[in-house]
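Worksheet: the structure to be examined is printed underneath.
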Amino acid sequence: MAAQTPARKRKQSRGPSTAAAPSNRYVLFGVGAVLVLIVALYLSDGEGNKVDRTKRTASKHSTDHDAVRSDPNANLHMQAGPHDNQEHASSSWHSCPAIVKARAASQLKLDSPAEYLAQTAAAMQQVGELKECQPEDVMELHSLLADAYGHMKDFEQAVTHRKASLQYMKRLGKASSKDYITQLVALATDLYLNFEFTLALARLQDARAVVPSKRLPPAAERLLLLLEATIHECNGDVVTSLQRLETAFRMTQESPSLNEVQRHVDLLKRVLQTQKEYMPKHVVEAMEKKIQGATRLLITHGPWNRADQLPKHFQPGLFAAPWHHLEDHAHVAQAVAVLRQYSAALREEYHQLAASDKLMREHECIHDMNGGKWTRYESTAYWRPLNKETGCSRDTPTACLVTQALRDVGLPVFRAGYSSLEAHAWLKPHFGMTNGQLKLHLGLIVPQTPEGAPCATFRVGNVTEAWQQDRVLFFDDSFEHEVHNDCPKTRVVFQVVFAHPDLPSTTEVTDLFPKSQAGQNH
């Protein structure tokens with residue numbers, strides 16, 4: 001790749017480190033978790049008082065722009081169910097063995113997520129055979145199983161069981177309860193993550209209808225509006241999304257968090273990018289002024305130091321450049337040789353995954369739903385059938401072999417997998433999750449125009465590159481970037497994500513995502 005940044009002498013990359021091994025803990029709380037939890041916390045009782053709720057355990061999901069985000073732009077998933085009602089939990093804890101089994105299984109969601117789902121599903125199969133179990137227990141089990149399927153990214157099954165839980169609540173006369181509202185919000189989250197946006201919005205309206213709007217506290221309404229903004233954005237309606245977001249900010253006296261300010265900037269930019277030609281000049285100027293002011297606020301009150309590099313989680317002191325030279329890092333140069341050696345085998349494995357329908361459609365809202373689909377297979381993701389010894393999927397032996405070979409030459413790999421963009425797909429301008437990682441893209445299937453010109457392009461910062469077959473791009477996705485596949489066919493890359501060479505060798509993936517920064521208010 002042509003040099004894109006001034007040459008700079010770099011310190012040697014680190015050697016192999018056990019800290020760089022794939023981790024099922026590479027996760028953050030999601031918008032579904034936050035919304036469902038806090039809506040329950042703030043739903044008022046008949047006297048307008050806040051209702052004390054039990055603490056909920058959050059599902060864990062992969063971060064980064066290639067997976068569902070942890071902030072409202074991308075929506076991670078935790079479902080809070082009626083099993084969280086403390087009174088119900090204490091009364092039925094010992095009565096139904098299936099409930100005991102399912103609750104115990106939830107403790108496995110971090111270390112053994114596949115077993116978590118398996119044991120919860122087994123409890124559901126068992127409940128019908130146990131005379132000790134009541135309809136309330138079946139209701140709770142459906143909610144628990146919806147949680148488990150959502151955790152494993154099977155949102156179609158999550159929707160099925162969430163609906164079943166709601167049906168049981170109706171039969172039991174709980175359709176006006178606060179738990180019912182909580183489940184409706186959870187169902188809305190499941191639905192939009194399953195790309196059923198219209199139904200998701202309808203369920204949020206159902207949630208509002210349970211309790212008159214005058215009794216819904218502003219903090220709860222604020223959270224519903226934030227979820228609505230996310231759904232509209234995912235559905236491509238950025239104008240309505242921006243309106244909902246700004247309305248949410250006005251619902252309470254609470255200042256937006258820094259991540260919410262980032263989201264506001266992103267939406268303002270996307271509205272301008274898609275609607276500018278239809279907008280009066282004074283409106284455009286007002287929006288541009290808003291963007292400038294919000295960006296200054298982020299740099300003044302947050303850890304960032306430049307407007308073109310605003311990841312959700314920022315590590316100060318790291319060398320920053322949109323594009324990096326392959327020769328800058330000794331271990332990267334060796335890694336590139338490994339990737340090129342296995343290029344043909346990785347290409348063949350991708351074809352096998354596609355033929356067996358194992359690619360997963362990406363849920364992130366940066367994907368333009370009007371264009372071609374964006375699908376992925378992350379070989380090190382916890383929701384895949386992992387080999388316990390290697391932490392890598394049994395579906396992708398070649399990718400796992402390559403991942404280990406990369407670690408053997410000293411590259412501290414966090415994760416690796418396949419990313420596919422159909423013809424005419426567009427990933428909108430956005431920032432990655434952290435500057436504590438860098439990325440390599442190996443071109444596996446890179447189509448061209450009929451004239452032989454490049455048509456799959458990738459802008460990072462102000463420089464645009466084109467993928468090439470069996471060539472490697474080396475970049476920092478914490479800078480603003482976007483992707484266009486204007487080709488008539490699908491573009492496929494093998495992506496490797498690894499720790500920034502300036503980080504200490506003991507850095508764990510979770511060290512890159514401090515909770516305090518994500519929720520910091522200005």
Side-chain angles (χ1 to χ4, degrees), residues 5 8 10-11 13-14 19-20 23 25-31 34 61-74 76 255-269 291-324 328-329 364-366 412 414-415 428-439 459-462 474-482 497-522:
T5 58
R8 171 187 163 177
R10 301 300 312 277
K11 69 179 183 180
S13 298
R14 301 168 294 168
S23 172
R25 298 181 184 276
Y26 180 38
V27 291
L28 285 175
F29 298 123
V31 67
V34 175
H61 286 267
S62 201
T63 57
D64 184 44
H65 82 261
D66 292 330
V68 178
R69 285 179 187 268
S70 61
D71 67 281
N73 280 333
L76 297 187
S255 297
S257 69
L258 292 178
N259 278 359
E260 288 175 336
V261 175
Q262 285 179 297
R263 185 183 182 195
H264 193 200
V265 171
D266 288 342
L267 276 175
L268 287 166
K269 287 181 177 179
I291 292 170
Q292 293 168 3
T295 302
R296 284 196 301 270
L297 185 150
L298 289 170
I299 293 174
T300 301
H301 294 276
W304 307 277
N305 51 37
R306 50 193 297 175
D308 60 347
Q309 188 188 26
L310 296 170
K312 292 295 180 293
H313 301 277
F314 186 80
Q315 298 285 327
L318 304 183
F319 174 72
W323 294 96
H324 288 246
D328 276 354
H329 313 283
E364 193 171 0
C365 296
I366 60 170
F414 285 154
R415 60 194 182 280
K428 304 170 187 177
H430 62 285
F431 300 97
M433 287 300 295
T434 176
N435 65 323
Q437 62 188 23
L438 300 176
K439 294 187 175 182
R459 176 183 66 81
V460 185
N462 295 320
F474 181 17
F475 60 96
D476 182 344
D477 79 331
S478 65
F479 286 84
E480 185 182 76
H481 57 287
E482 68 176 312
V497 183
F498 62 99
H500 194 292
D502 290 348
L503 288 171
S505 60
T506 56
T507 301
E508 294 277 3
V509 182
T510 47
D511 295 335
L512 303 181
F513 302 96
K515 296 178 184 178
S516 59
Q517 188 184 111
Q520 183 179 351
N521 290 64
H522 63 85

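The first residue of the sequence shown is numbered 1, and numbering continues consecutively from there.
Separating the CG atom in Asn259 from the NZ atom in Lys312 is a distance of 6.0 Å, to the nearest 0.5 Å. From Asp266, atom CG reaches atom CD1 of Ile291 across 9.5 Å, with rounding to the nearest 0.5 Å. Put simply, CG on Leu267 and CZ on Arg263 are 6.0 Å apart, with the number rounded to the nearest 0.5 Å. Distance check, rounded to the nearest 0.5 Å: CG of Asn435 to CH2 of Trp304 gives 10.5 Å. In this structure, the separation between CG on Asp511 and CD on Gln315 is 8.0 Å, given to the nearest 0.5 Å. With rounding to the nearest 0.5 Å, the separation of CZ in Phe474 from CH2 in Trp323 is 11.0 Å.
With sequence neighbours left out, the side-chain hydrogen bond (donor to acceptor under 3.5 Å, both in side chains) criterion links Arg296 to no other residue.
Scanning both residues, Phe479 and Gln309, for their nearest heavy atoms gives CE1-NE2, 3.6 Å. Scanning both residues, Lys428 and Cys365, for their nearest heavy atoms gives NZ-O, 4.1 Å. Across all non-hydrogen atoms, the minimal contact from Pro311 to Gln262 is O-NE2, 3.3 Å. A pairwise comparison of heavy atoms in Val261 and Pro256 identifies CG2-CB, 4.1 Å as the closest pair. Taking all atoms of both residues into account, the shortest heavy-atom contact from Ser478 to Asp476 is OG-OD1, 2.6 Å.
The closest side-chain heavy-atom distance from Gln437 to Val497 is below 4.5 Å. With contacts defined as side-chain heavy-atom distances shorter than 4.5 Å, the pair Pro322/Asn462 does not qualify. Contact annotation: the side chain of Leu298 approaches that of Leu258 to within less than 4.5 Å [non-hydrogen atoms, C-beta and beyond].
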Between Leu318 and Leu503, is a side-chain contact (heavy atoms from CB on, under 4.5 Å) present by the stated rule, with each step listed? CA-CA 8 Å; Leu318 304 183; Leu503 288 171; 3.9 Å; yes
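The aromatic rings of Phe475 and His481 sit tilted, their planes meeting at an angle between 30° and 60°. The aromatic rings of His500 and His324 sit perpendicular, their planes meeting at an angle over 60°, well past the 30° parallel limit.
At least one donor-acceptor pair under 3.5 Å links the side chain of Arg459 to the backbone N or O of Gly461.
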